[in-house]
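What follows is a single structure, written as structure tokens, with notes after it.
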Amino acid sequence: MSQIIKIKDVAQYLDQEVTFQGWLYNKRSSGKLRFLLVRDGSETIQCVVFKGDVPEEIFDDATKLTQESALRITGVIAKDERSALGYEMQVKGLEIVSLADEYPITKKEHGTDFLMDHRHLWLRSSRQHAIIRIRHEIIRSAREFFDDRGFTLVDTPIFTPNAAEGTTNLFETDYFDEKAYLAQSGQLYGEAAAMAFGDIYCFGPTFRAEKSKTRRHLTEFWMIEPEMAFCDLEKDMQVAEEFITHIVKSVLKNRRNELVILERDIEKLEKIEAPFPKIHYDDAVEILKKNNIDFEYGGDFGGTDETVISEQFDRPVIVHRYPAAVKAFYMKRDDKNPDLALAMDMLAPEGYGEIIGGSQREDDHQVLLDRVKEHNLPEKAFAWYLDIRKYGSVPHAGFGLGIERTVSWICGLNHVRETIPFPRFMNRLYP
RNA sequence: UCCGGCGUAGCUCAAUGGCAGAGCGGGUGACUGUUAAUCACUAGGUUGUAGGUUCGAAUCCUACCGCCGGAGCCA
């Protein structure tokens, strides 16, 4: 057998005999010719079998190959303008590794529910390849951003003993006859880690048991959450905008072809450059009023509100200083107006909604203890968290980026369910 | 939980009260350059489930189930 190569490297082997290992993506035929589209995970190439060039049994094998059959195929690489890749293989040899059963996913259109039932096979299609590779680049560049700035990766637990804000939106599990909950954020542990290492981030799955049936919600999704000691809200927002700029630029540089496959409007992504507009909550409410949106001051923004606000700008917009009443207990209040929390949300353009939520944290022990009591939280369960404020407390801040919403925005998708290999949402636990 | 839509062949859909169909996929055959190849032939159905109206129901009515979209919910 000749040298086994990846299809993406085909240009280096012009006029040489090589072997691919892969799967049959599609097959066309014409008389004494068989056109085999072979995918090996790196790329897809057309391999041409001419009856006069190969032994009869090889031509018969090429004829009986079914979609997604596994194969090893050997031949000479030739340049060909008629082929989508620019190259194709003139086949000399073919080994069927396994003949596939009738494949459920055909070349015609399918409904989303059917495709989700066959998610394990759907991942083989070119569109899903493009999305998952962009997801990979987003995660790779996100880690690179923090790694290059000296952040330490400190991952946080998934089993947690207590519910920060009630248990209705948490998945409950049995932990040796004790109740445990799947984490909905690593942040509280991240704060402890920041006091140990200065700048840290965690990256892992988070779980929300909300019965949300919208294009923006999953029950299991991934968040990357930096936490920084000696950091205030202003610096927090600055890190966030530089972070997003870095991710978008990395995708544009390293996964441009995938964006083209997805027919993404690349010009819109090329406008993403720090600094981003940063508007006060009051200004955001003003925007809603100007657009005749019925909105009561003091509330949180709904999906439509977020879309209207983000549509005013050509890059992500950061809204800061929300009413403390609609935000979490651990957020520090604004000195200038104690009704406002030092919180910030970043809204993606084009109506993709909140991709980042962050804040400066309350660093005073007594104030935080009062908040825990106000929210009727179990003081004992939060003892370790309050400890952080007793032993060398400092101003600190951080944020969380939702990976799937970011992938959805950068890819220009209309639903987050395609942004994760095996999504979990309402009515979807299989495969 | 609420509001709206949908459920017909493996898949995507048509048939709106009167014979249950097409395209794709499968099978058989033809073709030396196909690009979701094309062409011919062929197999494939408890019309989501249960009940009701009617001479007659995929079609109208009721309930249930499932799915989709949205709202609510969403540190």
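Hydrogens, waters and symmetry mates play no part in the numbers below; they use all other heavy atoms, side chains included. Throughout, protein chains are lettered first and strands after them, A, B, ... in sequence-line order, and every chain is numbered starting at 1. These numbers come from a predicted model, not from an experiment.
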OP1 or OP2 of B:rG69 sitting under 4.0 Å from any side-chain N/O of A:His415? yes
Pair partner, B:rG69 [Watson-Crick or wobble, under 3.5 Å]: B:rC3
Do A:Glu102 side-chain and B:rG27 base share a donor-acceptor contact under 3.5 Å? no
Taking atom C1' in both B:rU49 and B:rC67, compute the distance separating them and give it to the nearest angstrom. 15 Å
A:Lys278 NZ: over 12 foreign heavy atoms closer than 6.0 Å: yes
Could you please name the partner base of B:rG25, counting Watson-Crick and G-U wobble pairs only when both distances are under 3.5 Å? none
Could you check whether A:Arg208 gets within reach of a base, just the sugar-phosphate, or nothing at all, counting any heavy atom under 4.0 Å? sugar-phosphate
Looking at every strand, decide which applies to A:Gln90 at a 4.0 Å heavy-atom threshold: base, sugar-phosphate, or nothing. base
If you find the nucleotide of RNA chain B closest to A:Gly111 and the one closest to A:Phe50, which residue's nucleotide is nearer the 5' end? A:Gly111
Taking only N and O in the side chain of A:Arg215, is any of them less than 4.0 Å away from OP1 or OP2 of B:rG70? yes
Centroid-centroid under 6.0 Å between A:Tyr13 and A:Tyr87 rings: no
Tell me what A:Phe35 touches on the nucleic acid: a base, only sugar-phosphate, or nothing, going by heavy atoms under 4.0 Å. base
Which of parallel (below 30°), tilted (30 to 60°) and perpendicular (above 60°) describes A:His120 and A:Tyr430? perpendicular
Applying the Watson-Crick and G-U wobble criteria at under 3.5 Å, what pairs with B:rA30? Answer none if nothing qualifies. B:rU38
Contact class for A:Thr66 (heavy atom, under 4.0 Å): base, sugar-phosphate, or nothing? nothing
Pairing partner of B:rC64 (Watson-Crick or G-U wobble, both distances under 3.5 Å): B:rG48
Closest to the 5' end of RNA chain B, once A:Asn26 and A:Val326 are matched to their nearest nucleotides, is A:Asn26
Pick base, sugar-phosphate or nothing for A:Glu81, based on heavy-atom distances below 4.0 Å to the nucleic acid. nothing
Greater than 12 external heavy atoms within 6.0 Å of A:Glu374's CD: yes
Is there a donor on the side chain of A:His217 or the base of B:rC74 sitting less than 3.5 Å from an acceptor on the other? yes
Just checking A:Ser30: base, sugar-phosphate only, or nothing, at a heavy-atom cut-off of under 4.0 Å? base
Counting Watson-Crick and G-U wobble pairs only, both distances under 3.5 Å, name the nucleotide matched with B:rG56, or none. none
Quick check on B:rG69: is either OP1 or OP2 less than 4.0 Å from any side-chain nitrogen or oxygen of A:Arg417? yes
If we ignore angles and hydrogens, is there a donor and acceptor under 3.5 Å between the side chains of A:Thr74 and A:Arg72? no
Can you find an N or O donor on one side and an acceptor on the other, under 3.5 Å apart, linking the side chain of A:Ser212 with the base of B:rC74? no
Does B:rA43 have a Watson-Crick or wobble partner in any strand here, with both distances under 3.5 angstrom, and which is it? none
What interatomic distance, in whole Å, is found between C1' of B:rA43 and the corresponding atom of B:rC6? 30 Å
